[in-house]
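Basis for what follows: all heavy atoms, side chains included, without hydrogens, waters or symmetry-related copies. Index from 1, following the sequence.
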Amino acid sequence: MTDIAVGAAVGVMSGVMFWVFDGLSYGLFPLLTLILPGSAALLHALFYFPATLGLLIVRKPGASAYVLLVASFVEVVLGTKYSVSLVVIALVQALAAEAVFAVFRYRRWTLGVTLLSAVAIGIVYNFYLLFFYYQAFSFFSPRGLIGTACELLSAVVFAGFGSWVLYRALAKSGVLTRFASGR
């Protein structure tokens, strides 16, 4: 029961953050695109870092999906320029995160596995964008290559290291002592 409450809390906090980032992205993403097409992807992992964070904290299969679904529903309820399709991509991102931890049978909770999970999310999300939003660009076009590099860098920094640092700070503060992740 505590896992559900903590996952929901992380999801709600993330959904509110998504809503704030979404508002900021109206001006920031076009500016980055103007400077260097594809560079807006440098900030994309701000929208999927809870996938790895939720797994690190709760440490149970499905935690990533639960946290991202709660977060995406909160963002939709608060109002977003994206539609409910945002819930679908949240599930796809969560599945990518879960797949990496599943390969390690949900027994390895290291920075390395977290980084692999983050990169998996970045790869999946990048291809999602190329197939559904940027069909005019091939993967091997300058925009495709820059976008891919920026997506992977963002994934490593925010969903990898960022989630790891947040998790370690929470564990160090003592708020996770009731969980396996806090011991």
Side-chain angles (χ1 to χ4, degrees), residues 7 10-11 14-56 61-103 113-163:
V10 172
S14 299
V16 171
M17 288 175 53
F18 290 173
W19 180 73
V20 170
F21 295 151
D22 188 33
L24 295 173
S25 72
Y26 280 107
L28 200 51
F29 282 11
L31 178 63
L32 287 170
T33 301
L34 184 64
I35 294 168
L36 182 64
S39 65
L42 285 169
L43 302 176
H44 285 170
L46 290 172
F47 292 99
Y48 54 78
F49 81 90
T52 49
L53 181 62
L55 277 165
L56 286 170
S64 180
Y66 179 62
V67 168
L68 276 183
L69 281 175
V70 169
S72 61
F73 280 121
V74 167
E75 184 182 1
V76 168
V77 167
L78 290 175
T80 179
K81 64 184 174 190
Y82 305 105
S83 67
V84 179
S85 67
L86 149 79
V87 175
V88 174
I89 190 55
L91 272 177
V92 172
Q93 292 166 346
L95 289 174
E98 296 273 352
V100 171
F101 281 94
V103 166
V113 175
T114 304
L115 289 170
L116 281 174
S117 182
V119 167
I121 302 167
I123 290 168
V124 166
Y125 188 59
N126 187 62
F127 281 105
Y128 168 81
L129 290 174
L130 284 171
F131 283 115
F132 294 104
Y133 286 94
Y134 304 121
Q135 296 99 347
F137 302 100
S138 78
F139 175 77
F140 295 105
S141 69
R143 196 275 170 223
L145 293 173
I146 292 167
T148 299
C150 290
E151 192 71 56
L152 294 177
L153 178 62
S154 178
V156 166
V157 170
F158 295 117
F161 285 113
S163 291

**Asked** How close do A97 and S64 get, heavy atom to heavy atom, and via which atoms?
**Response** CB-OG, 3.7 Å
**Request:** Only pairs at least two apart or in different chains count here, so list each side-chain hydrogen bond (donor to acceptor under 3.5 Å, both in side chains) that has a residue in residues 21-38.
**Result:** D22-T80, S25-K81
**Residues in side chain to side chain contact (heavy atoms under 4.5 Å, CB included) contact with V103, at least two apart in sequence or another chain** = none
**Request:** Could you check if a side-chain atom of L86 sits within less than 4.5 angstrom of a side-chain atom of V76, using non-hydrogen atoms only?
**Result:** yes
**Prompt:** How would you list, by chain and number, every residue that makes a ring pair (Phe, Tyr, Trp, His ring centres under 6.0 Å) with F131, sequence neighbours excluded?
**Reply:** none
**Asked** Under the ring pair (Phe, Tyr, Trp, His ring centres under 6.0 Å) test, which residues partner F127, sequence neighbours left out?
**Response** F139
**Message:** According to side chain to side chain donor-acceptor pair (under 3.5 Å), who are the partners of S141, at least two apart in sequence or on a separate chain?
**Reply:** none
**Message:** For the backbone of Y125 and the side chain of Q93, can you confirm whether one donor and one acceptor N or O come within less than 3.5 Å of each other?
**Reply:** no
**Message:** Contact between I89 and V92 at the side-chain level, heavy atoms closer than 4.5 Å - yes or no?
**Reply:** yes
**Message:** For S154, give me all partners under side chain to side chain contact (heavy atoms under 4.5 Å, CB included), at least two apart in sequence or on another chain.
**Reply:** A45, F158
**Request:** With sequence neighbours left out, write down each residue that passes side chain to side chain contact (heavy atoms under 4.5 Å, CB included) with I146, or none if nothing qualifies.
**Result:** L36, C150
**Message:** Do F101 and T114 have side chains that approach each other closer than 4.5 Å (heavy atoms only, starting at C-beta)?
**Reply:** yes
**Item:** V100: partners by side chain to side chain contact (heavy atoms under 4.5 Å, CB included), with sequence neighbours left out
**Value:** F104, V113, L116, S117, A120
**Request:** Using ring pair (Phe, Tyr, Trp, His ring centres under 6.0 Å) as the criterion, list what pairs up with F18, not counting sequence neighbours.
**Result:** F47
**Asked** What is the minimum heavy-atom distance between G54 and A63, and which atoms define it?
**Response** O-CB, 3.8 Å
**Request:** With sequence neighbours excluded, tell me which residues meet ring pair (Phe, Tyr, Trp, His ring centres under 6.0 Å) with F140.
**Result:** none
**Request:** For residues 43-55, pull every pair meeting side-chain hydrogen bond (donor to acceptor under 3.5 Å, both in side chains), keeping only residues two or more places apart or in separate chains.
**Result:** H44-E151, Y48-E151, T52-S163
